[in-house]
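The next block holds one structure in the form of structure tokens; read it before the comments.
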Amino acid sequence: MSLYPVIPMDDPQTMAALAGQFVGLGYGILKLKVGSDPDTDEARIAHVRDAVGPGVKLRLDVNQGWGDAPTAVAAIHRLRRYDLDLVEQPVSAADLDGLAEVRCAVDVPIMVDEGCHSPADALAIVRNDAVDIINIKLMKCGGLYRAMQIVAIAKAAGLPCILGSMGESSIGSAAGMHLCLAQPTIVACELIGPAFIQNDVATGYEFDIQNGWGTVSDRPGLGVKLR
């Protein structure tokens, strides 16, 4: 399954340089961490877009940073000139009504992350018609079983999911990759955590950071082995 990298929030020039490196490796999708304030965020996005050109999909992860719906709506309208692929968690995790307000007011897909920890959260999100896509993280929701429940709720509502990352080891990443490949409504994957871990507790998670591709092993279980 194809993977895509996340660019940490930094000054515009640093983010643009890192984005250019990933695109040079062949990545066509980048997630940018933003959310300090709309003015600085626009500078970050503008630098990245200039660095990578028009053909790369840019996904914004605001991490609740814009706070409320009016601020988020104004920011998204302002930033849509950069051809955004989606915007993740633009408002506070607790503000479900605000999330729904943003989704109704903009034409850029809206994704929930911090606002969805459990199947109950997913059900409330679906009932409020609050998002276009759900970000599932195994470490956030409590493992494979609850992740599968969230996938089922999203699927019943016609919503796709992505499998996000919290920098998991090869164990958590392998579990997530198995889930991705078993659930066709999980349409994207961010599981490159082991690339940034110096003392990973396991080996055997099969992914190619150079080409942005992950696979599952034919070994028993998750296909990983403790060091």
Side-chain angles (χ1 to χ4, degrees), residues 4 6-9 12 15-16 19 28-50 52-137 140-141 150-164 185-188 190:
Y4 63 89
V6 178
I7 308 298
M9 186 163 62
M15 292 180 71
I29 300 173
L30 301 173
K31 179 190 278 191
L32 311 181
K33 292 282 189 177
V34 296
S36 58
D37 66 88
D39 289 339
T40 307
D41 290 337
E42 181 169 14
R44 293 179 174 117
I45 297 159
H47 275 72
V48 170
R49 178 55 81 193
D50 286 343
V52 303
V56 176
K57 293 181 179 180
L58 298 183
R59 299 175 174 179
L60 303 188
D61 185 0
V62 186
N63 282 122
Q64 311 176 67
W66 293 336
D68 57 49
T71 302
V73 169
I76 293 169
H77 283 315
R78 174 178 173 181
L79 297 171
R80 62 192 299 274
R81 73 185 73 176
Y82 301 104
D83 191 22
L84 304 179
D85 193 51
L86 62 82
V87 175
E88 179 177 345
Q89 200 65 57
V91 300
S92 170
D95 189 5
L96 183 57
D97 290 339
L99 193 63
E101 181 180 340
V102 173
R103 194 229 175 173
C104 289
V106 302
D107 58 2
V108 177
I110 300 298
M111 180 161 69
V112 66
D113 178 8
E114 290 88 352
C116 186
H117 284 257
S118 68
D121 290 338
L123 189 58
I125 288 163
V126 165
R127 285 174 169 168
N128 281 269
D129 203 22
V131 300
D132 300 285
I133 187 168
I134 294 176
N135 186 342
I136 299 172
K137 295 174 179 171
K140 177 181 67 174
C141 71
I150 294 172
V151 170
I153 292 168
K155 183 177 181 181
L159 295 181
C161 301
I162 75 159
L163 208 294
T185 55
I186 298 179
V187 297
E190 300 174 356

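All values below come from the heavy atoms of this structure, side chains included, with hydrogens, waters and symmetry mates left out. Nothing here was measured: the structure is a model prediction, and the numbers come from that model.
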So do [Y] and [X] actually touch side chain to side chain, heavy atoms under 4.5 Å?
| X | Y | answer |
| --- | --- | --- |
| V87 | M111 | no |
| H47 | E42 | no |
| K33 | N63 | yes |
| T185 | P160 | no |
| K140 | D113 | yes |
| C141 | I136 | yes |
| V187 | I133 | yes |
| V48 | D50 | no |

Do D39 and R44 meet the salt-bridge criterion of a basic N to acidic O distance under 4.0 Å?
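Answer for the salt bridge query: no.
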
Considering all heavy atoms of both residues, which atom of [X] and which atom of [Y] are nearest to each other, and what is their separation?
| X | Y | result |
| --- | --- | --- |
| A72 | V102 | CB-CG2, 3.9 Å |
| N128 | A100 | O-CB, 3.7 Å |
| L96 | A124 | CD2-O, 3.7 Å |
| A69 | G98 | CB-O, 3.6 Å |
| V108 | D132 | O-OD2, 4.3 Å |
| V62 | P90 | CB-CA, 3.8 Å |

Name the residue from [options] that meets the side-chain contact (heavy atoms from CB on, under 4.5 Å) definition with [X].
| X | options | answer |
| --- | --- | --- |
| R49 | L84, L32, L58 | L58 |
| L60 | L86, L79, L30, D85 | L79 |
| I134 | I150, D121, I186 | I150 |

Please round to the nearest 0.5 Å and tell me the distance separating atom [atom1] of [X] and atom [atom2] of [Y].
| X | Y | atom1 | atom2 | value |
| --- | --- | --- | --- | --- |
| D68 | S92 | CG | OG | 9.5 Å |
| M15 | I45 | CE | CD1 | 8.0 Å |
| I125 | L99 | CD1 | CG | 7.0 Å |

Count the heavy atoms of every other residue, nucleotide or ligand shown that sit under 6.0 Å from CZ of R80, and state whether that count exceeds 12.
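At most 12 heavy atoms, drawn from other residues, nucleotides or ligands, come within 6.0 Å of this atom.
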
Are any side-chain N or O atoms of E114 and backbone N or O atoms of C116, one a donor and one an acceptor, separated by less than 3.5 Å?
no

Has the side chain of E88 got a donor or acceptor atom that lies under 3.5 Å from a matching backbone atom of I110?
no

With distance as the sole criterion, is a donor-acceptor pair present between the side chains of D41 and W66 under 3.5 Å?
yes

Knowing that exactly one of K137, K31, R59 qualifies, which makes a side-chain hydrogen bond (donor to acceptor under 3.5 Å, both in side chains) with E190?
K31

